[in-house]
Amino acid sequence: MSDSLSKKISSLMKERNWTKMTQIQEMAMEPILRGYNTLIIAPTGFGKTEAALLPILSLMSEGEQKPVSMIYITPLKALINDITIRIDWWASKLGFVVNRKHGEVPQKEKNMRLRKAPHILVTTPEGLEIDMDWASKFRENYKNVNWVVIDEIHELMGSKRGAQLFVLLERLKDFSGKDFQRIGLSATISNEEAVATTLFGSSSRPKTIVKSEAGKEFRLKIRSISDSGDIWVASAKTIKESLEPPTLVFTNSRFLTERLHEELEKLGEKGIFVHHSSISRDSKSSAEENLRSGKAGAVLCTKTLELGIDVGKVKKIIMYRPPPSVASFLQRLGRSGHCVGGIPYGEIICVQDFDCLEALAIYSLSKKGKLEPPRRIRPLDVVAREILGMLLQYSSVKLDRVFSVITASQVYRDLTREEFGNLISYLQRNNLVVLEGDELKLGKSFFKIWTFNRSNNFVWAKNFSEFFSLISNDDAFTLRSGEKIIGEIDAIYVYKHIRPGDLIRISGKLWKVARIHNGMMMVDLLPADRGEGEIPIWKGEGVPKSQLIPREIQELFKNDKILESEVLEENAKVSLRALMEKYVKGKLPLPSSNVIYMTITDKETIYSTLIDEKIANTIAHMLMYLATSKYTLNVYTRASIYGFSINITDRDLLRELIQMKEEKIRRILFRSILRSPLFMSVEKEIQASFGKIGKINPKEDKLIIKEGLRQTVKRYFNIRGTMATLRRIREGKITIVRSDYLTPLSEAVLSHAPIKPWISGINILIYDALKGGAYTVHEISEMLSIPPRSLEVKLKQMRKTSTKYRVTSFVDVDSKEIRWCTVEELKQLVNSDEFYTSFAPINEDETFIAEMRSIEGSSNTELIFKPKQILENPEEFAKRIPMDEVGELRIHDPVDPMICNMSPRYYFVRRDIVPYLLLNASAYIQNLKYT
């Protein structure tokens with residue numbers, strides 16, 4: 001026990017029966033006591049919180065402290081209650097008041113904090129933002145801050161919330177006039193120098209990194225499910241067999257958590273709880289308390305229990321399918337053996353053969369100490385928010401001061417004055433800010449976008465509370481059938497996977513997607529009675545896998561002893577052996593990044609390899625762009641660390657791509673991203689921060705498009721890696737091998753959800769239904785389950801020149817019904833056996849007068865013709881039409897003027913199809929006259 005700490009702290013340590021401090025606590029004490037900015041790195045359970053807390057409390061106890069002396073920031077609301085209890089045990093005995101701040105704190109507690117400010121405040125980045133921007137009275141207490149501790153700092157690195165927090169620290173420094181001490185805590189971190197530099201920012205204090213070299217041993221087993229039919233039943237049975245209470249069962253999504261819980265309940269398993277971000281605070285607290293008290297046999301959870309909430313002693317960790325990164329694996333496993341000397345213990349349950357590969361790669365990487373490096377991001381929407389935050393705080397602030405505070409943060413150190421000026425100009429244009437001389441003030445649009453009474457505003461308005469958070473709250477589409485609300489699904493899932501006509505299963509029922517209202521964040525559903533419906537996946541699923549994993553899998557394949565790993569249980573070895581034998585039997589080399597296996601099925605062309613998922617995603621989107629530009633809109637792709645696929649089987653689009661010049665490839669790359677549903681999602685996410693409401697205008701909103709593109713690329717794509725990969729294919733350094741059967745990695749590609757081009761309306765659904773034929777409204781209605789009246793309105797809209805998916809109609813002479821078809825296919829229908837009589841006049845030499853009205857309705861033109869002239873050369877006849885687009889078309893009979901009343905009328909007709917519709921009108925009139 002150290003003599004450097006105050007006697008009061010030493011006394012409290014004895015009260016807790018602490019005979020000595022942990023290694024990391026001893027290492028961190030001196031630098032913190034000496035005022036150093038300190039980054040503390042140690043495995044879970046080594047006492048990092050107390051390593052920061054005890055020396056700070058020692059310093060606090062030696063002199064008078066004004067509230068708020070210390071701010072303790074944690075990335076998760078779920079951590080706040082636990083941390084507050086831990087801090088309060090020490091602080092209250094020293095006479096210090098500790099309070100917590102988050103959205104679910106009872107009003108009584110909030111009032112108490114406002115009446116009597118605490119010495120120590122535990123909050124989140126969003127909590128600090130609210131106080132800095134809006135809590136004018138309480139904010140004055142922040143002038144007394146001497147210490148800021150940031151827990152689980154790795155969770156904030158490379159994220160918008162992190163960028164927000166690091167700017168907030170500079171704002172706090174500017175506001176208080178104090179260079180307060182900054183301390184960061186982390187269990188799993190790579191490139192600690194970069195993390196420390198980002199955390200310490202503009203602080204001029206001495207700095208140090210304190211790191212425990214004691215790596216924690218762990219026990220792990222990798223097992224595979226013996227699939228005997230229903231995968232959910234088999235999964236639940238395997239989990240039940242593996243439970244050793246208390247157990248945490250981690251999944252990669254809320255959907256999996258709920259689905260497995262349902263199956264475990266069917267098996268009669270008791271004492272099983274659920275813990276994820278979409279359940280109530282009370283439900284989460286109940287799960288945590290039952291774990292602490294030993295009443296819970298297991299808790300099925302997502303990332304919410306990955307971080308350091310104290311849930312008592314957890315005996316075992318089960319991971320259902322491999323986590324997406326090494327860092328996540330270590331965090332999850334570290335929730336067991338949560339003490340110095342404790343040995344984390346758990347297993348990864350694999351569902352697919354390739355899951356075993358991923359699990360083994362993650363294990364191998366963790367043993368080598370390889371972790372994902374933190375991403376460097378510089379989001380401009382965060383800058384816009386922090387500018388607005390300063391204007392809420394000060395009402396008026398000098399432009400130079402704003403620029404100085406923003407660029408004091410390490411995240412924005414290279415933000416140029418020109419970029420800053422362009423941003424201010426754009427915010428001015430959208431009335432979000434006003435610049436008077438060198439003074440910046442809040443504009444009128446701010447309280448229109450972030451409003452106190454959203455119900456009386458437009459659909460794009462947001463609740464005022466949403467301004468303070470960079471965790472998007474408006475990221476879900478509401479599902480409705482008529483006026484009834486069915487549920488909601490994540491916006492990103494809609495953008496990537498859902499299109500009109502798709503079947504989805506939710507609330508235990510099957511539904512057909514009728515329409516997607518992008519602006520209203522609404523999906524219209526119609527009941528469906530048959531078909532395979534996809535169960536939507538909520539956030540958490542689809543997190544890109546670490547780029548380290550495919551590289552390590554390649555290394556594992558090079559190792560002859562891959563099946564001898566001590567962590568593989570027999571069933572996992574069987575799975576891996578089966579996977580490898582398929583390559584050996586086919587006389588194919590084992591997977592690597594230097595070979596792409598091309599397999600064509602009846603539905604898709606699959607390119608399987610080992611690849612960075614972001615590169616696979618980029619190539620997949622480029623292939624989708626080529627397909628939609630040249631061939632069809634009915635296209636989808638898949639992408640993963642095992643390759644990519646596209647549902648075009650008659651063309652080798654990858655070969656077409658690599659044969660292009662690099663300049664053209666790069667052009668297609670950027671166009672494919674701009675047309676991507678992922679770009680749509682990011683653009684929508686950021687536009688409110690810049691004050692943009694409504695549709696993005698490519699000419700006026702270049703700043704949003706550029707920033708949206710930059711963020712989309714950073715999050716989902718890899719431009720440099722993709723160009724290098726395509727170059728290596730062209731040069732023969734990556735070989736493409738044709739395989740007549742599905743390789744195991746091809747099957748892995750097919751297991752991923754398809755990504756579709758973003759088409760939000762019903763137009764594409766109707767357009768695809770019309771392809772290859774001509775149908776009546778009632779026939780289309782039956783095909784698509786869309787009410788006839790609504791369908792007819794939409795068809796009439798699709799005749800117009802403004803639509804990309806253009807249709808037209810003609811009279812079926814035999815049945816006297818109106819039929820609809822695509823404009824492009826009308827010429828084929830004219831010559832088809834099925835509709836021949838509808839375009840074959842009985843008397844080719846009869847004279848008619850075509851009356852054409854312009855779209856504007858300002859001019860009328862008449863043209864005398866005989867059907868024979870059209871039949872001889874329709875293209876030549878079309879040249880006689882004096883307008884590119886005819887607003888209304890019909891015919892007269894010069895001999896019998898009454899015929900004009902019987903003539904069909906055609907609206908919004910393109911010049912090149914006018915001749916065919918004149919044939920249709922002539923055939924119809926003659927049929928009435930002569931038969």
Side-chain angles (χ1 to χ4, degrees), residues 217-253 256-257 259-261 263-264 266-267 269 272 297-302 305-306 314-326 328-337 343-367 545 549 552-553 556-557 559 561-582 641-642 744-745 747-748 751:
E217 291 298 317
F218 58 81
R219 290 190 294 142
L220 181 74
K221 284 294 175 187
I222 297 171
R223 61 186 303 194
S224 182
I225 287 173
S226 301
D227 185 11
S228 56
D230 191 313
I231 192 67
W232 298 112
V233 174
S235 296
K237 284 180 178 176
T238 305
I239 290 170
K240 184 177 180 179
E241 290 166 10
S242 293
L243 292 178
E244 295 180 36
T247 297
L248 291 182
V249 182
F250 282 100
T251 75
N252 295 326
S253 75
L256 288 175
T257 302
R259 191 69 182 79
L260 290 170
H261 183 259
E263 288 299 330
L264 283 165
K266 288 178 185 176
L267 293 175
E269 199 65 25
I272 307 291
V299 174
L300 281 82
C301 56
T302 56
L305 283 183
E306 198 173 286
V314 174
K315 186 171 183 181
K316 186 178 184 180
I317 301 297
I318 294 174
M319 288 169 250
Y320 181 75
R321 307 199 69 181
S325 67
V326 185
S328 183
F329 165 74
L330 290 173
Q331 283 289 143
R332 292 177 182 188
L333 195 63
R335 302 304 288 131
S336 65
I343 298 177
Y345 161 54
E347 63 184 45
I348 300 175
I349 293 177
C350 301
V351 177
Q352 310 280 2
D353 292 348
F354 55 85
D355 283 352
C356 298
L357 274 179
E358 286 177 43
L360 195 56
I362 288 170
Y363 166 75
S364 176
L365 287 162
S366 64
K367 280 296 184 184
K545 287 190 170 71
I549 295 174
E552 192 63 21
I553 290 174
L556 290 173
F557 276 133
N559 184 352
K561 297 179 180 177
I562 181 174
L563 294 173
E564 296 175 20
S565 174
E566 71 281 0
V567 297
L568 290 172
E569 288 202 340
E570 191 54 41
N571 52 6
K573 288 181 182 178
V574 169
S575 291
L576 276 180
R577 192 178 292 115
L579 184 150
M580 294 165 72
E581 281 175 356
K582 286 180 182 176
I641 60 171
Y642 302 113
L745 294 199
E747 292 173 357
S751 72

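Given the structure is predicted, the values throughout are model-derived calculations rather than measurements.
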K.L.:
Taking Asn571 for its side chain and Arg223 for its backbone only, find out whether a donor-acceptor pair lies under 3.5 Å.
P.N.:
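Not at all, since once roles are kept as given, no pair shorter than 3.5 Å links the two residues.
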
K.L.:
For residues Lys237 and Leu267, report the shortest heavy-atom separation together with the two atoms involved.
P.N.:
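Closest heavy-atom pair between Lys237 and Leu267: N-CD1, 3.8 Å.
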
K.L.:
Tell me, please, which residues at least two apart from Thr247 pass side chain to side chain contact (heavy atoms under 4.5 Å, CB included).
P.N.:
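By the side chain to side chain contact (heavy atoms under 4.5 Å, CB included) rule, Thr247 matches Leu243, Glu244, Val249, Ala298, Lys316, Ile318.
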
K.L.:
Hey, what do you get for CG (Leu556) to OG (Ser364), rounding to the nearest 0.5 Å?
P.N.:
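Atom-to-atom, Leu556:CG and Ser364:OG are 5.0 Å apart.
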
K.L.:
Applying salt bridge (Lys or Arg N to Asp or Glu O under 4.0 Å), name anything that partners Lys221, two or more places apart in sequence or on another chain.
P.N.:
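Residues passing salt bridge (Lys or Arg N to Asp or Glu O under 4.0 Å) with Lys221: none at all.
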
K.L.:
Could you give all pairs that pass the salt bridge (Lys or Arg N to Asp or Glu O under 4.0 Å) test and reach residues 352-366, with sequence neighbours left out?
P.N.:
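Counting only pairs at least two positions apart or across chains, the salt bridge (Lys or Arg N to Asp or Glu O under 4.0 Å) contacts touching residues 352-366 are Arg321-Asp355, Glu358-Lys545.
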
K.L.:
So, using side chain to side chain donor-acceptor pair (under 3.5 Å) as the criterion, who are the partners of Ser328 when residues are at least two apart?
P.N.:
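Partners of Ser328 under the side chain to side chain donor-acceptor pair (under 3.5 Å) test: Glu306, Arg332.
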
K.L.:
Glu566: what forms a side chain to side chain donor-acceptor pair (under 3.5 Å) with it, not counting sequence neighbours?
P.N.:
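Expected list: Tyr363.
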
K.L.:
Evaluate the side-chain proximity of Glu552 to Ile362: yes if any heavy-atom separation is below 4.5 Å, no if none is.
P.N.:
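Answer no - side chains too far apart.
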
K.L.:
Does Glu263 have any salt bridge (Lys or Arg N to Asp or Glu O under 4.0 Å) partners at least two apart in sequence or in another chain, and if so, which?
P.N.:
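With neighbours one apart ignored, the set is Arg259, Lys266.
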
K.L.:
What are the two closest non-hydrogen atoms of Ala359 and Pro322, and how far apart are they?
P.N.:
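Where Ala359 meets Pro322 most closely, the heavy atoms are N-CG, 3.9 Å.
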
K.L.:
Enter the distance from Lys573:NZ to Cys356:SG here, rounded to the nearest 0.5 Å.
P.N.:
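One gets 12.0 Å once the value is rounded to the nearest 0.5 Å.
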
K.L.:
Begin with the C-alpha distance, continue with both residues' side-chain angles, and end with the deciding distance and a verdict on side-chain contact (heavy atoms from CB on, under 4.5 Å) for Leu300 and Ile239.
P.N.:
CA-CA 10 Å; Leu300 281 82; Ile239 290 170; 5.5 Å; no

K.L.:
Show, in sequence, the C-alpha distance, side-chain angles and deciding distance for Cys350 and Ile222, and conclude whether the side-chain contact (heavy atoms from CB on, under 4.5 Å) test is met.
P.N.:
CA-CA 7 Å; Cys350 301; Ile222 297 171; 3.7 Å; yes

K.L.:
Closest heavy-atom contact between Leu357 and Ile553?
P.N.:
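In terms of heavy atoms, the two residues are closest at O-CG1, 3.9 Å.
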
K.L.:
If you compare all heavy atoms of Ala234 against all heavy atoms of Ile225, which two are closest, and at what distance to 0.1 Å?
P.N.:
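The answer is CB-CG2, 3.6 Å.
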
K.L.:
Any chance you could measure Leu248, atom CG, to Lys315, atom NZ, to the nearest 0.5 Å?
P.N.:
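Between Leu248 CG and Lys315 NZ, I get 14.0 Å after rounding to 0.5 Å.
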
K.L.:
Phe250: which residues meet the ring-ring contact (aromatic ring centres under 6.0 Å, His included) condition with it, sequence neighbours left out?
P.N.:
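Partners of Phe250 under the ring-ring contact (aromatic ring centres under 6.0 Å, His included) test: none.
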
K.L.:
Taking only residues two or more places apart in sequence, or in another chain, which ones meet Glu564 in a salt bridge (Lys or Arg N to Asp or Glu O under 4.0 Å)?
P.N.:
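In terms of salt bridge (Lys or Arg N to Asp or Glu O under 4.0 Å), with neighbours along the sequence ignored, Glu564 is linked to no residue.
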
K.L.:
Can a donor-acceptor pair be found, under 3.5 Å and without considering hydrogens, that links the side chain of Ser336 to the backbone of Tyr345?
P.N.:
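Yes; at least one donor-acceptor contact below 3.5 Å.
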
K.L.:
Output, in order, the C-alpha distance, side-chain angles, deciding distance and verdict of side-chain contact (heavy atoms from CB on, under 4.5 Å) for Ser751 and Phe354.
P.N.:
CA-CA 10 Å; Ser751 72; Phe354 55 85; 3.4 Å; yes

K.L.:
Would you compute the distance between atom CG of Leu260 and atom OG1 of Thr238 and round it to the nearest 0.5 angstrom?
P.N.:
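The distance works out to 10.5 Å.
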
K.L.:
Got a sec, which residues hit ring-ring contact (aromatic ring centres under 6.0 Å, His included) with Tyr320, two or more places apart in sequence or on another chain?
P.N.:
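Testing Tyr320 for ring-ring contact (aromatic ring centres under 6.0 Å, His included), a comparison that skips the adjacent residues, returns none.
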
K.L.:
Would you say that Pro324 contacts Asn252 through its side chain, given a criterion of any heavy-atom pair below 4.5 Å between the two side chains?
P.N.:
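In short, these two side chains touch, coming nearer than 4.5 Å.
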
K.L.:
Run the side-chain contact (heavy atoms from CB on, under 4.5 Å) check on Phe329 and Ile348 step by step: do they pass?
P.N.:
CA-CA 10 Å; Phe329 165 74; Ile348 300 175; 4.0 Å; yes

K.L.:
Apply side chain to side chain donor-acceptor pair (under 3.5 Å) to Glu747 and list each qualifying residue two or more places apart in sequence or on a separate chain.
P.N.:
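Glu747: no side chain to side chain donor-acceptor pair (under 3.5 Å) contacts found.
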
K.L.:
Mind checking salt bridge (Lys or Arg N to Asp or Glu O under 4.0 Å) for Lys240 and listing every partner two or more places apart, or none if nothing turns up?
P.N.:
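Lys240 satisfies salt bridge (Lys or Arg N to Asp or Glu O under 4.0 Å) with Glu269 only.
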
K.L.:
Tell me the closest heavy-atom pair linking Ala236 and Leu264, and the distance in Å.
P.N.:
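Taking every non-hydrogen atom into account, O-CD2, 3.5 Å.
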
K.L.:
Using the side chain to side chain contact (heavy atoms under 4.5 Å, CB included) criterion, which residues pair with Asn559? Sequence neighbours excluded.
P.N.:
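Expected list: Lys561.
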
K.L.:
Is the shortest heavy-atom distance from the side chain of Ile317 to the side chain of Phe218 under 4.5 Å?
P.N.:
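No, every pair of side-chain atoms sits at 4.5 Å or beyond.
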
K.L.:
Does any donor atom in the side chain of Thr257 or Thr251 lie under 3.5 Å from an acceptor atom in the other side chain?
P.N.:
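Yes, a side-chain donor-acceptor pair sits under 3.5 Å.
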
